[in-house]
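Here's the structure we're looking at; comments come further down.
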Amino acid sequence: MRLDLVKTGVSKRPMRYASVRTLLLSTLIVVLGFYAQPVRAQVAQWVVTASSNAQVLLPGGVWKPLTANTRLSSGAEVKVAPGGQAVLLRNGDIL
């Protein structure tokens, strides 16, 4: 007894094509997974809200007077002269 493959809707393609398709789809999913980047929150910067007699160290070793609304980069150095002050704010933390 011979089955008519066309009438039953069964593909005449050998099983190997299904395997290749599965392999390609799996590879595509893995490759796209490597390109997916996790979302990272930005690190909040310290912001100067008030200062007097305070300075910040700039690249190249130059000290600059610290002023209000200055955003400090990560690792910035601040020095305050005797009698001076610097108020820094980050995410509600005050220094």
Thr67: what forms a side-chain hydrogen bond (donor to acceptor under 3.5 Å, both in side chains) with it, not counting sequence neighbours?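 Only Thr70 meet the side-chain hydrogen bond (donor to acceptor under 3.5 Å, both in side chains) criterion with Thr67.
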Is it the case that one hydrophobic cluster holds both Leu66 and Val80, taking links as side-chain heavy atoms less than 4.5 Å apart, direct or via other members?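 They do share one cluster, since a chain of ILVMFWY contacts under 4.5 Å joins Leu66 to Val80.
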Would a hydrophobic clustering, with Ile, Leu, Val, Met, Phe, Trp and Tyr connected at side-chain separations under 4.5 Å, put Leu95 with Val48?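 Result: yes, single cluster for both.
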Of all pairs that satisfy side chain to side chain donor-acceptor pair (under 3.5 Å), the ones with a partner from residues 86-95, not counting sequence neighbours: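 Residue pairs with at least one partner in residues 86-95: there are none.
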Answer whether the closest heavy-atom distance between the side chains of Leu72 and Val78 falls below 4.5 Å.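 Yes; the side chains approach each other to less than 4.5 Å.
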If you define the side chain from C-beta out and look only at heavy atoms, does anything of Arg71 sit under 4.5 Å from Trp46?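 Counting from C-beta outward, Arg71 and Trp46 never come under 4.5 Å.
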Could you check Leu23, Thr22, Ile29 and say which one makes a side chain to side chain contact (heavy atoms under 4.5 Å, CB included) with Leu25?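 It is Ile29; the other options fail the test.
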Could you go through Ile94 and Leu88, starting from their C-alpha distance and side-chain angles, then the distance that decides it, and tell me whether this counts as side-chain contact (heavy atoms from CB on, under 4.5 Å)? CA-CA 6 Å; Ile94 299 174; Leu88 309 176; over 6 Å; no
Minimum heavy-atom separation for Val56 and Ala76, please, with both atom names.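 The answer is CG2-CB, 4.4 Å.
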Could you tell me which non-hydrogen atom of Ala54 sits nearest to which non-hydrogen atom of Gln85, and how far apart they are?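 For Ala54 versus Gln85, the nearest heavy atoms are CB-O, 3.9 Å.
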Would you check if the side chain of Ser52 reaches a backbone N or O of Gly84 as a donor-acceptor pair within less than 3.5 Å?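 Side chain of Ser52 to backbone of Gly84, a donor-acceptor pair under 3.5 Å: no, none is there.
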